[in-house]
Protein chains: 2
Amino acid sequence: MVTLAEVARHAGVSASTVSYVLSGKRSISAVTRQRVRDSIEHLGYHPHAGARALASSRSRVIALMVPLRTDMYVPVMMEIAIAVATTARVHGYDVLLLTGEEGPAAVQRVTGSGLAEAMILMDIQLDDERLPLLRGGGQPAVLVGLPADPSGLTCVDLDFTATGALCADHLAELGHRELAVIGEAPGVYERHTGFAERTLAGLRDRAARHGISVLHRPCGGGYGSLVGTLGRIFDERPGTTGFAVQNEAVVEPLLALLRQDGRAVPEDVSVVAVCPEQVATQASVRLTSVAVPAQELGRRAVELLMAKLRSRPGEEVVLLPPELTVRDSSGWAPDVNCR
Amino acid sequence: MVTLAEVARHAGVSASTVSYVLSGKRSISAVTRQRVRDSIEHLGYHPHAGARALASSRSRVIALMVPLRTDMYVPVMMEIAIAVATTARVHGYDVLLLTGEEGPAAVQRVTGSGLAEAMILMDIQLDDERLPLLRGGGQPAVLVGLPADPSGLTCVDLDFTATGALCADHLAELGHRELAVIGEAPGVYERHTGFAERTLAGLRDRAARHGISVLHRPCGGGYGSLVGTLGRIFDERPGTTGFAVQNEAVVEPLLALLRQDGRAVPEDVSVVAVCPEQVATQASVRLTSVAVPAQELGRRAVELLMAKLRSRPGEEVVLLPPELTVRDSSGWAPDVNCR
DNA sequence: GCAGAGCATCGAAGCGCTTCGAACGCGTGG
DNA sequence: CCACGCGTTCGAAGCGCTTCGATGCTCTGC
């Protein structure tokens, strides 16, 4: 392994000079700078991360805590994670991957050991057990998601309340009077995961103002559970003509089942989804949807974190405004159509 | 931040004693050991990772390189990644997440800086550009996947050649004479991704021995591209009765389309998939499938790596034997049925 | 009763880097 | 002509930990 000292010797300067060339914290003459750079190149020098962390007490690593719930839609998590890693690299940081397994203890461990300077947390529950540790302000953190009480915390998320409202508005404008919401797996609601509950609340609230009825049904992934869920929805509310779906895994099965039942989309039934663009455009019917901007969330989370690492402002909540894109799965409610 | 020295002072022993209590590399009397442990607990001490890495030249971190191809089935990658992270923790290691973005340079950087002691690489191409760097033996590495020439490397993968053969055997035994393989996205083959090409080779080879015809068609994700692909398959080989699918994203669309075309599964057409168990059991028809043991792959990769970190043996290739589970999507070929 | 073995513990020397104060040489203004 | 300032560079002191002798001990065995 090549060390700073060897580079210094090779370039005929002192170790500190090499260090300053690397960090740029003091001015070094152009000649010397170039000579040092050449030596670094020539010897293939890479600063030792541990030594750096020790001397500067900055590890240039951030931790990303990704829970491993089996009932969450994985690609979104992954896309966020990748965006985090990529953006972090742009800022000269690497990313440490933590699974939910260790729970809050992981926060302690990584914080305490100086392994990571800061952390990003995903899959936030409304009353997340990791939050008290973070509020202490032990170390900078950004949540991707919004807990019930974000005081003293920095969060970034899609504005899911507005998302729900947007779905309700869209379906209401098209004349639908009875809506069904097919949601995430029951476990997601049982855990009080913010995004699921907020979407529902936003939708319910707006629907109420429009005087529209809403039937909410969580639904596990997979074709099987959807068959049951959908059957029960139509049993209970045969007049349902509008669907809001927040569950990527049942989007395609839903379209298949409706087709099979002889209900045409969007002539008989309208569907609005909350999902990544890719899912919406690759489905068998191009879906009217509110996009979940996974990449953007990851990127913003890192940028907020970097800002916090420079100077630590207090709390801050960034809610991205939702955008509804009309595609082929929503249209006038049948009765309106007939007028 | 609490340091070793503070713990030592609090416990009334020397720093080295505390260190030995922590590492267990020298015997310490039970009394002292307990006293030190109490102090650690009391003060909330966490060893500084950087200092540790510097002094011992072991960072207790492994790097996981996950490419970010958009045409790969993400959940499998994620499941492997999670399994890697979880298993690594069991061995006292943390995981650094690297995206493909940096390419081979990332290997250099992480190796050179001592940030990670070893690495696990995913999405291996047959002639992967990262391999030369690893063969040099600069640092221990394990590949999840099998390149064309695994000499000097440690690899773990599902035996995809055998997987392909298993699919061919199963369909042949059921009397199918014309098979179609719906594969991954074209890009996957263009990159010469090992698992896709091997499956195909294994299947073709075995099919030839059975005297069965095989038509292979790559297929992008999404309903749209499958419609085209499937149409062309039946145009070209109207007698096709057996499908082997290695592309999780089109499994459900395929079943939907066949249903729509009035082809019953498994009465008219049999489908065998290569996919995770979850996909197979949650599809609208429970699929006969060869499972992709994502978790097992991640676990094994870490265990091979840990073994290598202890003593470095040479190359080693672990190929997990595939298992085909018969479910509801495969049955006798129609003509056989009529005999 | 004393040499030698063994156990428990300590002290000190780094690991490779950052950073602070000091030193050196040069040009400038009074 | 000297004092001063500035741009460059150096030396040394750590950062918190591991690890290798070395040092007292208490035990054994003859």
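Order of the sequence lines sets the chain letters (A, B, ...), proteins ahead of strands, with each chain counted from 1. Worth saying up front: this structure is predicted, and the values here are computed from it rather than measured. Just the heavy atoms: all of them, side chains too, but no hydrogens, waters or symmetry mates, feed the values below.
- For residues 3-28 of chain A, the set of pairs meeting the ring-ring contact (aromatic ring centres under 6.0 Å, His included) definition, not counting sequence neighbours, comprises A:H10-A:H42.
- The side chain to side chain contact (heavy atoms under 4.5 Å, CB included) search around A:S19 returns A:L4, not counting sequence neighbours.
- Pairs passing the ring-ring contact (aromatic ring centres under 6.0 Å, His included) check and including a residue from residues 128-152 of chain A, sequence neighbours excluded, do not occur.
- Scored by the side chain to side chain contact (heavy atoms under 4.5 Å, CB included) test, A:P150 finds A:L146, A:P147, A:C155, A:V317 as partners (sequence neighbours excluded).
- Between the two ends of the helix from C:dG1-D:dC30 to C:dG30-D:dC1, each summarised by a five-pair axis, the helix axis turns through 50° (rounded to 10 degrees).
- Residues of residues 27-41 of chain A having a heavy atom closer than 4.0 Å to DNA chain C: none are found.
- B:D149 has a carboxylate O that lies under 4.0 Å from a charged side-chain N of B:R135, or vice versa, which qualifies the two as a salt bridge.
- Rounded to the nearest 0.5 Å, atoms OG1 (A:T3) and NE2 (A:H46) are 13.5 Å apart.
- Scored by the side chain to side chain donor-acceptor pair (under 3.5 Å) test, A:S27 finds no partners at all (sequence neighbours excluded).
- Nucleotides of DNA chain D that come within less than 4.0 Å of any heavy atom of chain B span, from the 5' end to the 3' end, D:dG16 to D:dA22.
- Shown here are the side chain to side chain donor-acceptor pair (under 3.5 Å) partners of A:T193, two or more places apart in sequence or in another chain: there are none.
- The side chain to side chain contact (heavy atoms under 4.5 Å, CB included) check on B:R58 picks up B:S56, B:R60, B:Y93, B:E117, with sequence neighbours excluded.
- If you check residues 15-25 of chain A against DNA chain C, the residues with a heavy atom closer than 4.0 Å are A:S16, A:S19, A:Y20, A:K25, listed by number.
- In terms of the side chain to side chain contact (heavy atoms under 4.5 Å, CB included) criterion, residue partners of B:T87 (sequence neighbours excluded) are, by chain and number, B:H91, B:R299, B:V302, B:E303.
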